[in-house]
Amino acid sequence: MSRKRIVLIDGSSMVKEAFYSLPANGAGGVKSLMTGILERKEADYLAVAFSLTGASQSMIEKEITIQEELLKGIAPSLKAEVLIKEGYESADILASLAKKCSSEERDITIITKDQRLLQTAAEHVTVQIPAMGEEGLILKSYHLETIREEYGLEPAGLKEVFSLIAADGLGEKTACGLIRQYENIAGLYEHLESMESQRIKEILKTFENRILEEEKRIFLKEDCDITLDDTKSISEAEIQEIMDMDFVPAEFPDDENQSEKESSPTTSFHVITDFSEAEAVFGKGISADRLGLQLIIEDKAVIALSICYGEKDCYCILSEGLLSGDYLAGKAEEICKKAGHVTVLDLKSQLPYLKLEAGSPVFDAGVAGYLLNPLKDSYSYKDLAEDYLNMTVPSRIELIGKVSISRTLIDNRENGVSFICYMSYIAFLCGDRLLEALREAEMEKLFHEIEMPLIYSLYSMETAGIQVERERLKEYGDRLKVQIKELEQKIYEETGETFNINSPKQLGEVLFDHMKIPGGKKTKTGYSTAADVLEKLAQDYPVVTLILDYRQLTKLNSTYADGLAAYIGPDGRIHGTFNQTITATGRISSTEPNLQNIPVRMELGREIRKVFVPKEGCVFVDADYSQIELRVLAHMSGDTRLINAYKQAEDIHAITASEVFHIPLNEVTSLQRRNAKAVNFGIVYGISSFGLSEGLSITRKEASEYIEKYFETYPGVKSFLDGLVTKAKESGYAVSMFGRRRPVPELKSSNFMQRSFGERVAMNSPIQGTAADIMKIAMIRVDQALKKQGLKSRIVLQVHDELLIEAYQEELEKVKELLTNEMIHAADLEVSLEVEANVGESWFDAK
DNA sequence: CACGTCGCG
DNA sequence: ACACGCGCGACGTGA
């Protein structure tokens with residue numbers, strides 16, 4: 001007698017899962033899963049478990065409950081037992097049954113979306129979880145062996161792993177390793193002090209509460225007193241009967257009437273390929289007062305338009321036949337201009353096809369999400385749905401994986417369409433919420449007057465790109481490569497061995513073990529070979545100098561010579577990306593390539609800037625703010641002495657030295673000036689005597705004396721900085737002059753190091769953030785003024801406090817005037833903003 | 001994928 | 001006694 005095959009379905013989690021890909025028919029999705037199992041004769045007994053849902057549900061939760069009820073109604077006709085128990089979630093019921101039945105003559109398969117159930121896997125208990133496979137959605141089976149292989153743990157260890165992952169910075173791999181070593185979380189915390197990795201130790205301390213909370217959430221009750229009525233197996237005849245049946249929703253219990261259906265609308269995604277149907281949607285869309293919209297762009301072509309103007313009106317209009325990409329883009333543009341409020345997810349990415357200008361009534365949900373919480377690493381529709389709609393939706397990866405959208409539309413049309421529809425659906429739903437949240441956070445003005453207009457200016461800058469002389473860059477790289485070869489040989493001679501100089505590990509061993517250079521350990525992984533460590537040794541060991549030179553050259557070669565060359569386009573220009581939603585403080589960041597860290601401090605590196613040139617008939621105008629952060633500090637603190645220092649000042653660092661050390665200005669030595677400058681920087685970064693002493697190579701005592709004297713001289717700065725920390729502790733976030741917020745959760749940490757970091761952040765963010773705000777205002781004004789005056793010159797780069805314009809010769813005077821003027825007047829501070837501007841035939845010359 | 005290193009403001 | 005300046009992104013190594 002073979003063992004009885006019991007299939008237990010987690011009705012609640014599976015309906016939810018199915019709901020998000022088939023909103024109107026979550027129950028139907030699970031139903032077909034069940035009939036499939038029966039048809040393939042994979043079960044002798046079938047049961048489906050449900051959580052007993054409480055009250056106070058969101059719209060979406062109500063929708064899901066309706067689907068759950070439908071499934072409960074269908075279950076008996078599928079010969080499936082319905083399992084419900086008060087006080088237990090569906091996962092608890094299944095966990096209890098798995099435990100109870102594993103000793104009996106039964107093979108149990110649990111089908112669920114709930115990862116927590118993985119911990120119930122055992123010799124005769126298999127857990128199946130829906131996952132994206134090559135051919136779309138599949139059920140992935142986890143047997144006892146699978147789990148041992150995949151995680152290197154017994155199933156019981158998984159709940160520990162899942163709890164640990166709740167901590168930011170711990171991945172699945174790391175968590176598994178920890179549990180393998182310490183068995184469980186309790187053991188982990190017991191041995192915390194003896195742990196090797198400082199990083200992991202800190203994470204565990206910081207997130208202890210979160211981890212323990214997560215452990216509670218993950219816990220499954222296995223004491224549910226429920227039994228299976230499985231004495232009888234499903235017969236062939238019964239299966240045949242089920243197969244012959246044709247289910248129609250009308251057979252479901254609680255048959256709702258039409259008006260009831262209206263009052264709780266069911267979301268549904270529609271796919272449109274027909275021209276006149278598309279026209280009808282456009283017609284309705286253009287008169288809608290708010291909508292979500294997204295052009296789906298792939299390989300520089302519009303492949304679809306996602307548009308949503310109601311819970312039930314969400315459409316994926318595919319680009320085919322009469323509905324060309326251009327046509328869809330044109331319609332989208334028309335709607336953006338004429339309709340009410342349109343929400344999109346990443347406006348900058350849409351602008352190549354959606355030809356809009358600053359001031360259009362379009363709302364970027366991603367940028368709004370960024371303002372509301374700049375610490376997140378993604379503002380995808382999934383993130384926005386979770387944060388502002390309390391909704392869990394399948395991610396891009398879950399729906400289409402790593403392949404292209406167009407590929408998915410062929411292989412798994414339903415998923416492709418779902419993904420496309422979600423873009424506008426979530427945009428439609430969260431537009432109002434985001435706006436409301438911005439209003440509550442008092443960032444509406446910042447959003448409408450700075451962040452939204454900035455999108456167009458950044459787009460303009462990216463589109464312009466910057467010309468780079470390919471040949472000259474190549475020559476530069478070749479020159480470096482020759483020198484690198486030479487240095488390499490010398491280093492091998494001096495050290496007496498051939499090794500990989502680029503490997504800090506090997507380098508450390510050669511220097512400190514083989515050559516016995518004193519300099520001790522520093523990092524967890526071995527010796528530190530960082531430049532500041534090596535510089536101290538360079539005096540006594542000439543080879544170290546060679547290594548430092550080698551480092552510098554290889555850096556220049558790989559990151560800049562070879563690195564940049566890879567980004568030069570067919571137009572001879574580099575079109576980098578300027579990101580608006582990355583930094584915690586409000587700055588812009590630059591990627592692919594990073595054009596904000598092109599060398600300038602060292603002469604050799606600075607040479608690279610010679611390959612950045614204006615196009616024929618143009619010159620570069622470069623303008624940068626002089627000490628904008630310190631000026632912002634003077635203004636925001638209102639410290640009269642610092643403000644006055646600036647009003648009279650040529651050289652602020654010298655004046656600082658003179659005032660702090662009580663000596664006449666003309667007697668300030670260059671060392672004193674240097675120290676004062678470091679203190680000024682330190683203040684802006686959130687001072688600490690330790691940090692300052694490192695930077696100045698003085699003792700901590702001296703450093704703290706400097707700081708003390710500084711604060712005596714500028715008491716307004718002291719009270720301002722203290723106030724920033726206090727306010728941030730109260731509110732949980734730091735605020736810039738223009739209302740930009742940066743949450744500082746570290747301030748609540750019980751860990752001294754974390755908390756100190758939070759305090760420095762609370763002092764630095766408002767300053768760095770305000771400077772960033774001012775630069776953004778300047779950029780927008782400069783960009784818009786150029787366009788408004790019909791000038792062809794364009795901003796091509798922004799480097800935090802610097803703007804670079806490619807100016808047509810005939811526009812040069814106007815551009816110079818306009819650029820400096822807009823930058824100086826971007827903000828009205830107690831201390832006037834100063835700008836240094838230069839003209840040149842390359843970026844090197846213009847700086 | 002994490003880490004060390006280093007380029008910029 | 002401790003331990004770090006603030007904000008980024010790219011590259012190479014090595015598990």
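- Note on A/E592: only backbone sugar-phosphate atoms sit closer than 4.0 angstrom, heavy atoms only; bases stay farther off.
- In this structure, A/I598 reaches the sugar-phosphate backbone alone: every heavy-atom distance under 4.0 Å involves primed, P, OP1 or OP2 atoms, never a base.
- Checking A/H514 against A/E497 by side-chain atom types alone, a donor-acceptor pair falls below 3.5 Å.
- The distance between atom CD of A/Q754 and atom P of C/dC6, rounded to the nearest whole Å, is 11 Å.
- Between C/dG5 and B/dC3, the two P atoms lie 16 Å apart (nearest whole Å).
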Show the numbers, then the answer: is there a side chain to side chain donor-acceptor pair (under 3.5 Å) between A/D346 and A/Y379?
CA-CA 9 Å; A/D346 176 7; A/Y379 302 92; over 6 Å; no
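- Listed in residue order, the members of residues 698-705 of chain A having a heavy atom less than 4.0 Å from DNA chain C are A/R700.
- Among the atoms of the strands shown, only primed sugar atoms or phosphate atoms (P, OP1, OP2) are found under 4.0 Å from some heavy atom of A/V761.
- Under the ring-ring contact (aromatic ring centres under 6.0 Å, His included) criterion, the residue pairs touching residues 583-613 of chain A are A/F612-A/W843, with sequence neighbours excluded.
- Among the atoms of the strands shown, only primed sugar atoms or phosphate atoms (P, OP1, OP2) are found under 4.0 Å from some heavy atom of A/T559.
- Within the 4.5 Å cutoff, no side-chain heavy atoms of A/L804 are placed close to those of A/V621.
- Nucleic acid contact class of A/T174 (heavy atoms, under 4.0 Å, all strands): none.
- Between A/K718 and A/E708 there is no salt bridge, since no side-chain nitrogen of the basic residue lies less than 4.0 Å from a carboxylate oxygen of the acidic one.
- Between B/dC6 and A/R551, a contact under 4.0 Å exists linking OP1 or OP2 to a side-chain N or O.
- A donor-acceptor contact under 3.5 angstrom links the side-chain atoms of A/R601 to the base of B/dG9.
- Looking only at distances, a side-chain donor or acceptor of A/H575 sits under 3.5 Å from a matching main-chain atom of A/E462.
- Geometrically, A/K348 does not engage A/Y459 in a cation-pi contact defined by less than 6.0 Å to the ring centre and at most 45° from the axis.
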Please convert DNA chain C into dot-bracket. A pair counts if it is Watson-Crick or G-U wobble with both distances under 3.5 Å; crossing pairs go in [ ] and bases paired with another strand get |.
.....|||||||||.
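- Counting any heavy atom pair closer than 4.0 Å across all strands shown, A/A771 reaches no nucleic acid atom.
- Using a 4.0 Å heavy-atom criterion, one finds that A/A678 contacts the bases of the nucleic acid, with or without backbone contacts as well.
- Residue contacts shown for A/I687 include a base, since a base heavy atom lies under 4.0 Å away.
- Here A/T529 lies in heavy-atom contact (under 4.0 Å) with sugar-phosphate atoms only.
- No donor-acceptor contact under 3.5 Å links the side chain of A/T583 to the base of C/dC8.
- Residue contacts shown for A/E629 are absent, as no nucleic acid heavy atom lies under 4.0 Å away.
- With hydrogens and angles left out, the side chain of A/N502 and the base of C/dG12 share no donor-acceptor pair within 3.5 Å.
- Looking at heavy-atom distances under 4.0 Å, A/S528 makes contact with sugar-phosphate atoms alone, never a base.
- Using bins of under 30°, 30° to 60° and over 60° for the plane-to-plane angle, the ring pair A/Y492/A/F499 lands in the perpendicular bin.
- Of the P atoms belonging to B/dG4 and C/dC4, the separation is 12 Å, rounded to the nearest Å.
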